[in-house]
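Here is the structure we will look at, set down as C-alpha cells.
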Amino acid sequence: MTAGTGTAPDVRAQGRSRRRGALSGAFALAVLAGLWLSLHGRTGAFTDLALRPRAVPYLAAAFAANAVGVAVSLVAWRALLDGLQPVVDRRTAARIYFTSFLGKYVPGRVFGLLAQLRLGREAGYSASAMSGVFLLNLAVGTLTGLALGLVCGPGLLGGRAPWLLLPAAAVGALLARPALLTAMVRKAARLARRSPPTHLSTASGLRRGMAAAAVSWLVSGLHLWSLAVLFGADALKALPLCVGGFALATALSSLAVVLPDGWGAREAILMVVLSSLLPWPAAGAVAVASRIVCTASEVTVAGGALLLARRGAPRGPGKAAPPPSRSTSAPYDTPRTGTS
C-alpha cells in the first residue's frame with residue numbers, strides 16, 4: 001500500500017504526458033490534413049508555372065516576401081504580450097505563436113486557441129491572458145487587413161466605395177484609443193458567454209501590434225505583386241491592387257472559420273481583384289500560385305522557428321517570473337515591467 005501511494009503522482013504525471021502526446025499528435029495530423037486540402041490538385045498547375053520562362057526569380061521573390069511577412073506577424077503578436085507576466089524569451093514566444101499559427105489549417109479557430117492556451121500555460125500565462133491575446137491578435141489582424149483593402153478599393157470600384165473608409169476609421173480610432181479594442185474583446189467574450197479576459201495588452205503594446213500587423217500585410221502582399229507581374233501585369237498599376245487586395249482577401253476569408261485558412265474563399269476574392277489586371281484564366285492561375293507560395297513559405301518559417309525553439313527551449317518554466325500581485329483591472333495605467 002505504501003509503495004502504491006508513493007507512485008501515484010508518477011502515474012498521474014505519466015497519464016498527463018500521454019494525453020499531451022496524443023493531443024499533439026492529433027493536432028499535427030489535423031494540420032497535415034489541412035495542408036493537403038490546400039494543395040490538393042494544384043501542384044501540377046504550379047509546376048507548369050515554375051517552367052515558364054524567367055519564372056524562378058519571380059517565384060523566389062514571392063516566397064521571400066511572404067516569408068518575411070509571416071516573420072513580422074510574430075512581432076505583432078509578441079507586442080500584444082506587453083504588460084503580461086512572465087516576460088518570455090523569443091524562442092518561447094515563437095513556439096507558442098507558430099504552433100497556434102499552424103492551427104489555421106484546421107477548420108475552426110478552436111484548435112489554434114487550444115494550442116496557444118496549453119503552451120501559454122506551460123510558459124506561465126493564465127488561460128484568461130492567452131485567450132485575450134488570441135482574440136486581440138485576431139481583431140488586430142482582421143481590422144488592419146480590411147483597412148489596407150482601401151489601397152485596392154478605388155482601383156476596383158472606381159472610387160465609389162465609401163464603405164471602405166469604415167475599417168480605416170476604426171483603425172485610426174483604435175490607434176488613438178487602444179482601450180476601445182480591449183473593451184470590444186471583453187464585450188465579444190460576454191456575448192459568447194465566456195469569461196472576459198482579466199488582463200489585456202497595454203496601450204503601447206496594442207499600437208505596436210497594429211503597426212507591425214500593417215507592415216506584415218504590406219510585405220506579404222508583395223508576393224502577389226511578383227506573381228502578377230510574372231503573368232504580364234503592369235508593375236506600377238499592379239502594386240497597390242495586389243498589396244491591398246491580398247490583405248483584403250485574406251482578412252475577409254479568415255472570417256469563414258469553417259474553411260482551413262480561407263480555402264477557396266481567398267482565391268475567389270483574389271481572382272476578382274486580379275481580373276482588373278489580367279485575363280480571367282491568368283487571374284485564376286495567379287490566385288492558385290499565391291496559395292501554393294503562401295503555404296510553402298508559411299510552413300517553412302513556422303517549421304523552422306519551431307525547430308529552433310525546440311533546440312533552445314529551457315526545461316520547464318525556467319526563469320519565468322511569478323504573476324504580479326497588483327490588480328490587472330486597468331492595464332493601460334500600469335508601467336511596462338520589461339520588454340516583450
Side-chain angles (χ1 to χ4, degrees), residues 23-24 26-39 63 65-81 88-123 125 129-145 201 209-210 212-217 219-221 223 246-247 249-251 253-257 259-263 266 290-310 313 340:
L23 289 173
S24 298
F27 178 76
L29 289 175
V31 170
L32 289 174
L35 289 171
W36 177 84
L37 178 61
S38 296
L39 301 178
F63 180 94
N66 197 66
V68 172
V70 172
V72 175
S73 71
L74 169 63
V75 178
W77 180 84
R78 199 162 176 237
L80 301 179
L81 297 178
V88 295
D89 57 49
R90 293 178 181 177
R91 284 192 175 95
T92 302
R95 179 169 177 255
I96 298 171
Y97 174 71
F98 281 118
T99 302
S100 177
F101 176 85
L102 290 175
K104 72 177 187 171
Y105 289 106
V106 184
R109 296 283 181 180
V110 65
F111 294 98
L113 173 59
L114 291 176
Q116 197 164 120
L117 291 176
R118 183 174 73 82
L119 295 174
R121 182 171 62 250
E122 292 178 2
Y125 292 117
M130 278 291 91
S131 62
V133 171
F134 183 87
L135 292 173
L136 278 176
N137 188 60
L138 181 62
V140 166
T142 302
L143 286 173
T144 52
S201 179
M210 284 187 279
V215 172
S216 175
W217 285 123
V219 176
S220 294
H223 93 274
F246 178 72
T250 307
S253 63
S254 69
L255 300 178
V257 295
L259 301 175
D261 195 28
W263 183 84
R266 188 170 83 190
S290 170
R291 169 66 66 178
I292 296 175
V293 167
C294 285
T295 301
S297 58
E298 288 166 2
V299 171
T300 299
V301 172
L306 290 175
L307 286 175
L308 290 175
R310 185 177 182 85
S340 59

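Keep in mind the model is a prediction, meaning the values are calculated, not measured.
- Taking every heavy atom of both residues into account, Leu306 and Leu102 meet most closely at CD1-CD1, 4.0 Å.
- Considering all non-hydrogen atoms of both residues, Ala305 and Ala94 come closest at CB-CB, 4.5 Å.
- Among all heavy-atom pairs drawn from Val88 and Ala123, the shortest one is CG1-CB, 4.1 Å.
- Considering every non-hydrogen atom in both Ser201 and Ala79, the closest pair reads OG-O, 3.6 Å.
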Q: Just do the side-chain contact (heavy atoms from CB on, under 4.5 Å) check on Leu117 and Ser131 with the steps written out, would you?
A: CA-CA 7 Å; Leu117 291 176; Ser131 62; 4.3 Å; yes
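- The side chain to side chain donor-acceptor pair (under 3.5 Å) search around Ser73 returns Tyr97, not counting sequence neighbours.
- Partners of Asn137 according to the side chain to side chain donor-acceptor pair (under 3.5 Å) rule, which considers only residues two or more places apart in sequence or in another chain, do not exist here.
- In this structure, the separation between CE on Met130 and CZ on Arg121 is 11.5 Å, given to the nearest 0.5 Å.
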Q | Verdict with reasoning, Asp89 to Thr92, per side-chain contact (heavy atoms from CB on, under 4.5 Å) | A | CA-CA 6 Å; Asp89 57 49; Thr92 302; 2.9 Å; yes
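- The side-chain heavy atoms of Leu74 and Val301, taken from C-beta on, include no pair separated by under 4.5 Å.
- Put simply, the side chain of Ser297 does not reach to within 4.5 Å of the side chain of His223, judged on heavy atoms.
- The shortest non-hydrogen separation linking Gly112 to Ser100 is O-OG, 2.9 Å.
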Q. Checking side-chain contact (heavy atoms from CB on, under 4.5 Å) for the pair Asn66/Phe246: CA distance, chi angles, key distance, verdict?
A. CA-CA 11 Å; Asn66 197 66; Phe246 178 72; 4.2 Å; yes
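- The distance from the CD atom of Glu298 to the CZ atom of Phe63 is 10.0 Å, given to the nearest 0.5 Å.
- The two residues Ala115 and Thr99 have their closest heavy-atom pair at CB-CG2, 4.0 Å.
- Residues meeting the ring-ring contact (aromatic ring centres under 6.0 Å, His included) test with Trp217, sequence neighbours left out: none.
- Atoms OH and CD1, from Tyr125 and Ile96 in turn, are 6.5 Å apart once rounded to the nearest 0.5 Å.
- Judged purely by atom type and a 3.5 angstrom limit, Thr142 uses its side chain to pair as donor or acceptor with the backbone of Leu138.
- Remark: the backbone N or O of Ala251 is paired with a side-chain donor or acceptor of Ser254 at under 3.5 angstrom.
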Q.
Would Arg78 and Val75 count as a side-chain contact (heavy atoms from CB on, under 4.5 Å) here? Give the steps.
A. CA-CA 5 Å; Arg78 199 162 176 237; Val75 178; 5.8 Å; no
